[in-house]
S.K.: 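Mind looking over this structure? Questions follow.
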Amino acid sequence: DRNSIIGIILIGFLIIAYSLYTQPSAEEQLVMKHRQDSITAVMKAEEKQKEIAQQQKSVVTKDTSLIVAADINDSAKQEIRKQQFGDFASAADGTEKFFTLENSRLKITISNKGGRITNAELKNYKTFDGKPVALMNSDSADFGLSLSAQNRIIRTNTLFFAEAGDVSPNHVTLRVSAGNNRYIEYSYALDSMDYMVKFKIDVVGMSDLVAASYLSLDWKQPITKQEKTMQSERMATTVYYRFSGEDEDVDYISESKDEQQSLKTKVKWIAFKQQYFTSVLIADNSFDSPTVESRTDKNSEKYVKTLSTSIALPFEHKASESYGMRFYIGPNHYQTLKKTGDLKLEKQIPLGWGIFGWVNRFLVIPTFNFLNGFHLNFGIIILILTILIRIVLLPLTYGSFKSQAKMKVLQPEIAEITAKFPDDAMKKQQETMSLYRKAGVNPLGGCIPGLLQMPILIAMFRFFPSSIELRGEHFLWAKDLSTYDSILDLPFKIPFYGDHVSLFTLLMTVSTLLYTRMNMQMTSAANPQMKWMMYLMPIMFLGVFNNYSAGLSYYYFLSNIFGFGQQYLFKAFIDEDAIHRQIQENKKRPKIQKKSSFQERLEKMAKERGYQPKKK
């Protein structure tokens, strides 16, 4: 019929419109074509390499009575290298040599094999067991170009680079030659007072040698264990990246899963972020549609995760092409990362989203840094920080306590209403709300101040485990405030708890239970099931906080202690008898309050629902 035909036509228009809307742009189509050309070239090169490998095998095993691999003469070896590496054959063999660039904060070691950084030592930091913190130092790490040339894949990380020019304590240039004034050059320059390393790739005279329209820059890094707790370190280690553009934000692979992502647009930087340190590759312009990956070997006790990225560098077959970049190799320190300008590298530090991040950035961190300027012990700094936060929250805490005191005074009258209407919940609720209105008491007055305090509590939960300032800092029995403070190592592991006993966590749990009991005494009419839940929650969190930062548990413990002090102080200033007299006077005083139309509708619905059983 006509309606069916019209429906089919509309569906067809929708499909066509959706196809037009989702089709790649001209730039994306060009990128896809270049990638397909590169893939085709790579496949041909791999087939050629298989042929070469087969030829090598036949040469070695041609006559086992006369020829073995160790006895192949130099010319045969050169021929094999020529088949495998083409014009780069002269760089396929050599002796590994190391170059050191150094300033007051960073010491990096560069190998002529592959021309890559083999070690980056942060001078001002130590691992949990007292060794120097070293990034990019795994033997299985990979950094270099892959290019399709002469029907074979050439990977620069297997070639030996030669020095090109003078080597200084903060600059080195290495070059791998393909003959006839054709070469690939890596240049490293270390800033004299920073964690930033300038890195530049120059590709000269390679237009007739490289077949594809892209060079692939591959970076793979197994992340070695730096901290005391492998589980906490794994939950903080992943790949971060920022899309290009002034207003583009930072994104990342979830820390809790293994994943590979193909980014469909340009990015400004890619970071291999650890719990307290990071290695970031920053483009002078941008990287084109890279892939990023995070993998975990849960059986490994040495490596936290393996992070990798593959970046396509557009190759326009010019006589000379350059790719400018920078490395940031340093701590996840908020102020240090913030000084890098509009790169937004500080977004790697998980300070919380929304209002929780604002509280940390604009309140907690500035206060913490100000106190740190006095060079106090960090246990004392946390103590002062707790006092300051409690002072800021004092009006809210006082308002909550006063509201709870009013509710406590009304408990006998609320009990009378409950006894008067045992089976009529609606009538009981109406009478209770009427009592609150007459007495001038807001039943939510005790909850709202508590909710307003939540952003600070949650902000501190994000701040302490991310604060590198606490790393390695001693206080009382805690040897490191950034991790758990074990006073007893257990010979077994308790499920949901661990294999150690954290004293600060125990103190926090006990103080929380006592603080909860004190608050419950102020609201004795609360639901009994809710009471048990309030007591159960601190016990449940005992297992979580047992493996968390000692600084966090210490802060919550101090906050509870000051909470006790405030409660006793408020009791001394608040007279419950005076509150009772004031409430009785409020009840006698007539109140004329204009109701909104919304409130009138609610009351009408409540009355109708209340009288409905009688009508039936």
Side-chain angles (χ1 to χ4, degrees), residues 125-130 225-237 255-256 274-276 301 304 332 350-352 360 364 368 376-387 389-390 456-517 534-564:
Y125 296 93
K126 301 291 183 182
T127 63
F128 73 99
D129 52 358
K225 186 173 183 287
Q226 309 280 0
E227 312 304 329
K228 187 175 182 179
T229 309
M230 175 68 84
Q231 181 182 0
S232 299
E233 198 169 359
R234 279 185 174 147
M235 287 305 297
T237 300
E255 297 94 339
S256 59
Q274 301 172 229
Q275 186 172 4
Y276 293 113
E301 295 296 328
V304 180
N332 284 329
L351 297 176
N360 273 324
V364 177
F368 195 82
L376 302 172
N377 182 278
F378 277 90
I380 304 300
I381 290 177
I382 294 174
L383 172 63
I384 298 173
L385 183 65
T386 308
I387 294 173
I389 291 175
R390 274 291 176 177
I456 292 182
L457 294 176
I458 297 176
M460 302 306 283
F461 180 80
R462 301 304 300 244
F463 170 74
F464 281 105
S466 304
S467 178
I468 193 173
E469 290 88 348
L470 299 181
R471 193 175 180 275
E473 295 294 332
H474 295 246
F475 181 66
L476 299 179
W477 58 86
K479 297 180 180 179
D480 187 347
L481 287 172
S482 70
T483 186
Y484 61 83
D485 55 311
S486 176
I487 60 167
L488 177 63
D489 293 329
L490 303 176
F492 50 86
K493 187 173 183 178
I494 302 175
F496 307 107
Y497 182 74
D499 56 0
H500 60 272
V501 178
S502 171
L503 181 55
F504 273 132
T505 304
L506 286 178
L507 293 174
M508 179 201 71
T509 303
V510 172
S511 63
T512 303
L513 290 171
L514 294 175
Y515 191 63
T516 301
R517 183 174 182 275
M534 295 297 291
Y535 285 124
L536 185 61
M537 289 297 290
I539 298 175
M540 293 174 60
F541 280 120
L542 176 64
V544 176
F545 281 87
N546 193 57
N547 294 290
Y548 258 58
S549 162
L552 179 64
S553 299
Y554 171 54
Y555 165 76
Y556 283 148
F557 167 67
L558 289 177
S559 185
N560 288 337
I561 295 300
F562 286 113
F564 288 131

S.K.: Rounded to the nearest 0.5 Å, how far does OH of Y515 lie from CG of N560?
M.R.: 7.0 Å
S.K.: Has S553 got a side-chain atom pairing as donor or acceptor with F504's backbone, closer than 3.5 angstrom?
M.R.: no
S.K.: I need the L476 CG to H474 NE2 distance, nearest 0.5 Å.
M.R.: 12.0 Å
S.K.: How about S467 and E469: does a side-chain donor come under 3.5 Å of a side-chain acceptor?
M.R.: yes
S.K.: For the side chain of D485 and the backbone of A550, is there at least one donor-acceptor N/O pair under 3.5 Å apart?
M.R.: no
S.K.: Between the main-chain N or O of G551 and the side-chain N or O of S549, is there a donor-acceptor pair closer than 3.5 Å?
M.R.: yes
S.K.: Supply the atom-to-atom distance I456 CD1 to N360 CG, rounded to the nearest 0.5 angstrom.
M.R.: 10.0 Å
S.K.: Side-chain contact test, heavy atoms from C-beta onward, threshold under 4.5 Å: evaluate it for Y484 versus S232 and give yes or no.
M.R.: no
S.K.: Is there side-chain contact between L376 and I384, with at least one heavy-atom pair below 4.5 Å?
M.R.: yes
S.K.: Give me the ring orientation class for F545 and Y548: parallel if the planes are under 30° apart, tilted from 30 to 60°, perpendicular past 60°.
M.R.: tilted
S.K.: Side-chain contact, heavy-atom cut-off 4.5 Å: I487 with W477?
M.R.: yes
S.K.: Using every non-hydrogen atom in the two residues, find where H500 and N547 come nearest and quote the distance to one decimal.
M.R.: CE1-OD1, 2.9 Å
S.K.: For residues R234 and V304, report the shortest heavy-atom separation together with the two atoms involved.
M.R.: NE-O, 2.9 Å
S.K.: Quick check for you: to the nearest 0.5 Å, what is the distance between T512 atom OG1 and L507 atom CG?
M.R.: 10.5 Å
S.K.: Does a side chain donor of either S502 or N546 reach within less than 3.5 Å of an acceptor in the other side chain?
M.R.: no
S.K.: Counting distance only, does the side-chain N/O of K225 pair as donor-acceptor with the main-chain N or O of E227 below 3.5 Å?
M.R.: yes
S.K.: Considering only heavy atoms from C-beta outward, does the side chain of T483 approach that of L470 to under 4.5 Å?
M.R.: no
S.K.: In terms of ring plane angle, is the pair F368 and F464 parallel, tilted or perpendicular, where the classes change at 30° and 60°?
M.R.: perpendicular
S.K.: Near F562 CZ, under 6.0 Å, is it more than 12 heavy atoms from other residues, nucleotides or ligands?
M.R.: yes
S.K.: Can S486 and D489 be counted as having a side-chain donor-acceptor contact under 3.5 angstrom?
M.R.: yes
S.K.: First locate atom OH of Y554, then atom CE of M508, and finally report the distance between them rounded to the nearest 0.5 Å.
M.R.: 14.5 Å
S.K.: For E255, enumerate each residue passing the salt bridge (charged side-chain N to carboxylate O under 4.0 Å, His left out) test, keeping only those at least two apart in sequence or located in another chain.
M.R.: none
S.K.: For R471 and T127, which heavy atoms make the closest approach, and how far apart are they?
M.R.: NH2-CA, 3.6 Å
S.K.: Between R462 and P350, what is the shortest heavy-atom contact and its length?
M.R.: NH2-CB, 3.2 Å
S.K.: Is there a donor-acceptor contact under 3.5 Å from the side chain of S559 to the main chain of Y555?
M.R.: no
S.K.: Below 4.5 Å, heavy atoms only, C-beta onward: do I468 and Y125 meet side chain to side chain?
M.R.: yes
S.K.: Would you confirm whether Y556, through its side chain, and L457, through its main-chain N or O, come within 3.5 Å as a donor-acceptor pair?
M.R.: yes
S.K.: For a quick test of reading the model, state the closest non-hydrogen atom pair linking N332 to Q275 and the distance between them.
M.R.: ND2-O, 3.8 Å
S.K.: Is the closest side-chain heavy-atom distance between Y497 and L542 below 4.5 Å?
M.R.: yes
S.K.: Taking all non-hydrogen atoms of both residues into account, name the closest pair between L383 and L558 and its distance.
M.R.: CA-CD1, 3.7 Å
